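Below is one structure, written out as structure tokens, with a few remarks after it.
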Amino acid sequence: MDEQRRRHYLEAMGIVQWRRRDTGRVSEVTEQAPDPAAVSPSPVEGDDVSRLDWEALEARVRGCTACELHRTRTQVVFGVGNRNADWMIVGEAPGAEEDRRGEPFVGRAGQLLDAMLHAIGLQRQEVYIANVLKCRPPNNRDPRPEEVEQCEPYLKRQVALVAPRLILAVGRIAAQNLLKTNAPLSRLRGRVHSYGETETPLVVTYHPAYLLRSPREKRKAWEDLKLAREVAGR
Ligand code: URA
């Protein structure tokens, strides 16, 4: 990526680069943003899903009626990207734009996610992106435990098939559900967790929608991304 574009994406992350005239070394400073004001359901059989290949898994998810969300969705948002990716990004659930277009993270939050990825030298197509829920909760309400439970085998299988070197959980809902904890996001970020039986390294950061509302937190998100990059490169 050329330097000008990289700067553009870093700026979207609130990162300003300074080059020292004497040494030519680059250091990063985070801009302090101005004060922010921000059919009947049929259960999913986990054992069964854990043996599906990509094609069968996608078909299963697209036809899923395991929870009430299938009644209100426009379409299923399965996941997108490189199925052999080193990085897997996991968000919460599709929003209105994702529900309309059938792809995760394509709204405003998605644009910031793309910029976050670019800032650490990754293109959207290089990573695999999925959500905890594959269908949009009405009015963007939080996912309900029974919805997460029904959808969990799908995400688990996606992680197993991608076999990433790193999972980046974006936002509290993704982090808490992947790590099976109620701990607040502030206690989950800043360290490396382990996901599932494969013990895949997992790093937690803020949800880009939250960063749009609270741009001062971009500094911490940038620290999380650098931690993730270090872990993925190990
Ligand atoms: N927020 C999410 O968590 N996922 C999406 O796909 C879009 C917005």
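Ligands are counted one by one from 1 in listed order, and the atoms in each one are counted from 1 as well. Fair warning: this is a prediction, and the values are worked out from it, not measured in the lab.
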Any pair with a residue in residues 82-94 that passes salt bridge (Lys or Arg N to Asp or Glu O under 4.0 Å), sequence neighbours left out, goes on the list, sorted by first then second residue, please. Glu58-Arg83
Trp54-Tyr154 aromatic ring centre distance below 6.0 Å: no
Rounded to the nearest 0.5 Å, how far apart are CZ of Arg189 and CD of Glu223? 8.0 Å
Compile the protein residues with any heavy atom at a distance under 4.0 Å from an atom of ligand 1; present them by chain, then by number. Gly91, Glu92, Ala93, Glu98, Pro104, Phe105, Asn131, His207
Can you list every salt bridge (Lys or Arg N to Asp or Glu O under 4.0 Å) pair that touches residues 200-210, not counting sequence neighbours? none
Salt bridge (Lys or Arg N to Asp or Glu O under 4.0 Å) partners of residues 121-134, not counting sequence neighbours, each pair once: Glu103-Arg124, Asp114-Arg124
The single option from Thr205, Val170, Leu112 that satisfies side chain to side chain contact (heavy atoms under 4.5 Å, CB included) with Leu211 is Leu112
